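Since the model is a prediction, treat every value here as computed from it, not as a measurement. Just so it is clear, the values below take in all heavy atoms, side chains as well, and ignore hydrogens, waters and symmetry mates. First listed ligand is number 1; within each ligand, the first listed atom is number 1.
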Amino acid sequence: MSFRTIIEPFRIHSVEPLKMTTQADRERAVRAAGYNLFALRSEDVLIDLLTDSGTGAMSRDQWAGIQHGDESYAGSPSWFRFLESVQDLFPFKHIIPTHQGRAAEKILFTAVAGPGKAVPNNTHFDTTRANVEFTGAEAVDFVVGEGHDPSAPPAFGGNMDVERLDAFLRSRPGSVPVVFVTVTNNSHGGQPVSLANLNEVRRVCDFYGLPLFLDACRFAENAWFIREREPGQESREVRDIVREMASLADGMTMSAKKDGLANIGGWLAMNDDELATRCRNLLILTEGFPTYGGLAGRDLEAIAQGLQEVVQHDYLRYRIRSTGYLGDALIRLGVPIVQPAGGHAVYIDARRLLPHIAPLQYPGQALAIALYETGGIRSCEVGTVMFGRQPDGTEHAAEADLVRLAIPRRTYTQSHMDYVIEVCADVSMRAAELPGYRIVEEAAMLRHFTARFEPITTP
Ligand SMILES: Cc1ncc(COP(=O)(O)O)c(C=O)c1O
């Protein structure tokens with residue numbers, strides 16, 4: 001007998017209080033924050049869906065691992081446990097620990113990119129794009145066509161468009177140092193990439209003699225989707241699917257704050273000895289000695305244990321079903337979302353929900369602010385605020401204006417999600433009343449983290 005109710009495959013062992021606030025409190029708080037949800041004090045947030053990165057709950061065994069953390073500067077046992085755990089899933093020759101994913105990106109792109117170079121990806125995450133562009137190189141995205149329509153539900157909407165990739169590589173001989181595939185495709189609805197697609201990308205990379213790297217932050221969620229959706233994969237162990245994904249690549253960047261089930265950490269991995277030497281030298285400059293990177297021994301232990309837990313089928317079944325639960329409820333309410341729901345997040349299509357707000361008046365930001373004011377839910381705009389500013393300072397509408405409800409791992413219960421659903425229903429009924437916003441202060445790069453906004457009030 002199988003029941004419909006999703007039960008969390010854990011019980012609660014220690015609790016954190018949530019501060020209850022009123023709508024008036026929240027309106028004051030968001031105004032003081034310059035209408036930027038990143039600038040709020042997190043105590044003023046009731047349900048924090050800003051990101052799934054580093055916000056998950058650790059397990060009893062991870063906390064136990066923390067007690068085993070050995071803080072020796074070099075060659076600590078915690079480093080070797082970390083190394084073994086990473087290489088069990090990703091048997092790359094060189095594993096270079098970093099304090100988080102973007103540090104791995106910074107080191108890699110400093111080593112291989114630069115002016116005149118271009119890095120293709122299915123879709124660059126914002127820090128990945130910024131780290132490529134910071135070196136003077138170009139970051140180009142080739143996600144498959146179906147992925148461009150947020151309402152059409154492809155099984156693998158995160159895939160790379162291999163034909164466009166191939167044409168690009170043909171047109172830019174000598175300028176591409178590495179091809180990237182992001183699993184799952186965070187900036188494109190959290191949609192997965194199939195094994196078949198990875199195989200095709202591999203074939204194209206082999207043809208042009210180029211290395212293929214994975215941005216593997218959500219590798220386990222991606223592997224679960226492969227198991228559920230890709231013909232012939234349904235009876236495989238997720239571990240084995242992950243190993244096959246790794247076998248198709250020459251290296252990876254990783255943020256352990258996602259599918260490492262840890263609150264901090266990451267790594268850079270590769271098979272190329274010469275590249276690894278250059279990267280380790282950069283690591284020593286900015287992160288630390290190569291057996292701890294930017295991490296404490298206790299962090300390495302938490303990641304080592306997290307990697308064992310994240311590939312467990314009971315965990316992944318619960319994880320992906322609970323994200324789907326939120327997505328299905330929003331679809332039933334008529335709220336436009338990217339379909340199917342991603343692994344770690346549900347993305348509301350703010351441009352469709354708020355057609356009266358022009359993209360350059362930031363419909364995603366408007367919706368995110370309304371969700372906070374109404375119900376204390378913190379979400380993240382993934383649209384024109386995040387991607388609209390070009391390296392030359394001009395501004396264009398992004399491909400889509402989405403609002404991401406990212407679900408921290410093992411943190412909120414089904415009743416928290418029922419509350420989120422109620423708040424979304426309320427805001428979507430009042431969608432036509434929401435104002436657009438203008439930016440009154442912004443940084444040249446990654447402006448969404450620090451920009452200040454004000455509502456555009458019609459006379
Ligand atoms: C796909 C992807 N790549 C890279 C990163 C950067 O990782 P970190 O936040 O650990 O620097 C993230 C973080 O959200 C991500 O989602």
>> With heavy-atom distances below 4.5 Å as the criterion, would you say the side chains of Arg409 and Lys258 are in contact?
In response: yes
>> Which of the numbered atoms in ligand 1 are under 4.0 angstrom from any heavy atom belonging to Arg218?
In response: 1 (C), 15 (C), 16 (O)
> Less than 3.5 Å between some nitrogen or oxygen of Gly101 and one of ligand 1, yes or no?
Replying inline: yes
> Please state which protein non-hydrogen atom is closest to atom 7 (O) of ligand 1 and give its distance, to 0.1 Å?
Replying inline: Lys258 NZ, 3.2 Å
>> What I want to know is whether Asn186 and ligand 1 share at least one N or O pair that is separated by under 3.5 angstrom.
In response: yes
> Does even one non-hydrogen atom of Cys217 get within less than 4.0 Å of ligand 1?
Replying inline: yes
>> I want to know if ligand 1 touches Thr182 in the polar sense, i.e. an N/O pair below 3.5 angstrom.
In response: no
> What is the nearest protein non-hydrogen atom to atom 4 (C) of ligand 1, stated with its residue, atom name and distance?
Replying inline: Glu105 OE2, 3.1 Å
> Does Glu274 CD have over 12 foreign heavy atoms under 6.0 Å away?
Replying inline: yes
> Among His99, Arg102, Met254, Lys106, which one has a heavy atom closest to atom 9 (O) of ligand 1?
Replying inline: Arg102
> N/O of Thr127 under 3.5 Å from N/O of ligand 1, yes or no?
Replying inline: no
>> In terms of relative ring orientation, are Tyr35 and Tyr437 parallel, tilted or perpendicular, with 30° and 60° separating the classes?
In response: tilted
> Tell me, which protein residue and heavy-atom name are nearest atom 10 (O) of ligand 1, and how many Å apart are they?
Replying inline: Ser255 OG, 2.6 Å
> Between Lys257 and ligand 1, which part of the residue brings a heavy atom under 4.0 Å of the ligand: side chain, backbone, both or neither?
Replying inline: side chain
> How far apart are the closest heavy atoms of Leu360 and His396, and which atoms are they?
Replying inline: CD2-C, 4.0 Å
> Quick one: nearest non-hydrogen protein atom to atom 8 (P) of ligand 1, plus distance?
Replying inline: Gln100 NE2, 3.3 Å
> Nearest non-hydrogen atom to atom 1 (C) of ligand 1 belongs to which of Asp215, Thr98, Val183, Thr128?
Replying inline: Asp215
> Just checking, is any N or O donor in the side chain of Asp273 or His94 under 3.5 Å from an acceptor N or O on the other one?
Replying inline: yes
>> Could you measure the distance from the CG atom of Leu402 to the CG atom of Leu405? Nearest 0.5 Å is fine.
In response: 10.5 Å
>> Which residues pass the salt bridge (Lys or Arg N to Asp or Glu O under 4.0 Å) test with Glu43, not counting sequence neighbours?
In response: Arg41
> Please state which protein non-hydrogen atom is closest to atom 5 (C) of ligand 1 and give its distance, to 0.1 Å?
Replying inline: Phe125 CD2, 3.4 Å
> Do Phe90 and Phe219 make the cut of ring centroids closer than 6.0 angstrom?
Replying inline: yes
> When the ring planes of Phe109 and Phe180 are compared, do they come out parallel, tilted or perpendicular, using 30° and 60° as the limits?
Replying inline: tilted
